[in-house]
Amino acid sequence: MSQAIVSMPKQAKRGEVLEIKTLAQHPMETGYRRTQEGVVIARNIIRTFVCTYNGAEVFRMELHPAIAANPLIAFTTVATESGTLEFRWAGDNGYAVTESAGITVV
Amino acid sequence: MGRETRAMQDDDATNPAMFWVLEGETLFRKKEGSGKACSDCHSTLQGAAARHPARDAKSGRLLNLEQRINACRTERMDAPAYGYESRELLSLTAYVAKQSRGLEIQSHENPAVEAGRRLYQLRQGQLNLSCAQCHDERWGKKLAGTPIPQGHSTGYPLYRLEWQGLGSLQRRLRNCLTGMRAETFPFGAPELVELEAYLMWRARGMKMESPAVRP
């Protein structure tokens with residue numbers, strides 16, 4: 001099953017501002033909660049999110065325990081050339097997800 | 001529900017319940033038990049969520065959508081029933097319910113609705129409250145800082161930000177009962193299904209919005 005959903009326009013004019021919305025499936029366990037027996041539930045969160053546009057980084061975010069499960073990250077970038085945007089989420093317990101989306105700039 | 005929550009719900013790119021819908025679609029096409037998948041018989045289940053709970057013609061039992069799916073699995077697919085509130089059952093229900101989005105809820109008076117109405121108006125628990133006292137008489141006022149809704153079950157199963165996950169209507173009903181300090185009914189109990197039937201009758205004519213997002 002898919003672990004991340006990315007939505008953005010497939011085509012854009014040069015110089016146009018692209019709105020990109022991403023959803024990642026993740027419990028974002030804070031590390032501060034306890035079970036009914038009082039045992040601390042280990043932290044399990046996404047630590048970083050990076051978006052690259054044809055290899056160049058255009059957006060980066062650090063995530064912290066206060067962010068809810070299944071984080072929705074929406075941001076913008078300027079359409080410069082046709083190519084691929086790559087999205088990477090990385091976190092605790094070796095969590096790593098990559099998604100990519102193509103864009104045609106006219 | 002605030003404007004932002006509604007915007008999140010109405011855009012499939014931001015509605016987190018879509019993870020469950022996508023998994024539900026996979027399960028819908030997965031062959032099981034007798035070698036059949038849901039999709040082998042049902043090309044679409046549009047409208048199914050808008051008319052449940054409904055009485056099963058064969059057994060005469062009142063079934064909600066979750067129980068209908070499980071009945072189909074055990075009787076026609078020779079597959080084990082999914083546990084109530086399990087990820088699989090929620091996913092399948094969300095996938096099926098999404099196909100009824102925008103359709104009007106169909107319901108008419110019947111004995112199950114009447115039984116549900118009685119329960120809805122019954123004072124219960126240590127607080128001696130009935131559902132009607134909050135959701136009919138005091139909707140729009142505040143309870144612990146949040147507005148009391150009218151209690152229309154148009155969007156289940158739904159993603160609740162407080163739960164940080166998807167949940168069924170029965171989970172919500174059990175939550176409310178706990179809040180009233182009343183004894184909760186177990187998942188799948190006939191009382192809860194009757195209550196669901198009454199809520200759908202109350203919401204008849206309203207449009208389905210499953211899978212919804214709520215605070």
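Below, each value reflects all heavy atoms present in this structure, side chains not excepted, and no hydrogens, waters or symmetry copies. A, B, ... follow the sequence lines: proteins, then strands. Residue 1 opens every chain.
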Quick one: what part of [X] sits under 4.5 Å from any heavy atom of chain B, side chain, backbone, both or neither?
{"X": "A:L23", "result": "both"}
{"X": "A:P27", "result": "backbone"}
{"X": "A:A24", "result": "backbone"}

Checking heavy atoms, do the side chain of B:D11, its backbone, both or neither come under 4.5 Å from chain A?
side chain

Roughly how far, to the nearest 0.5 Å, is the [atom2] atom of [Y] from the [atom1] atom of [X]?
{"X": "A:Q3", "Y": "B:L22", "atom1": "CD", "atom2": "CG", "value": "12.0 Å"}
{"X": "A:I73", "Y": "B:T14", "atom1": "CD1", "atom2": "OG1", "value": "13.5 Å"}
{"X": "A:H26", "Y": "B:F19", "atom1": "NE2", "atom2": "CZ", "value": "11.5 Å"}

Residues of residues 148-175 of chain B under 4.5 Å from chain A (heavy atom pairs)?
B:Y159, B:Q164

Quick check: are there more than 12 heavy atoms from other residues, nucleotides or ligands sitting under 6.0 Å from [atom1] of [X]?
{"X": "A:E62", "atom1": "CD", "value": "no"}
{"X": "B:E85", "atom1": "CD", "value": "yes"}
{"X": "A:E57", "atom1": "CD", "value": "yes"}
{"X": "B:R29", "atom1": "CZ", "value": "yes"}

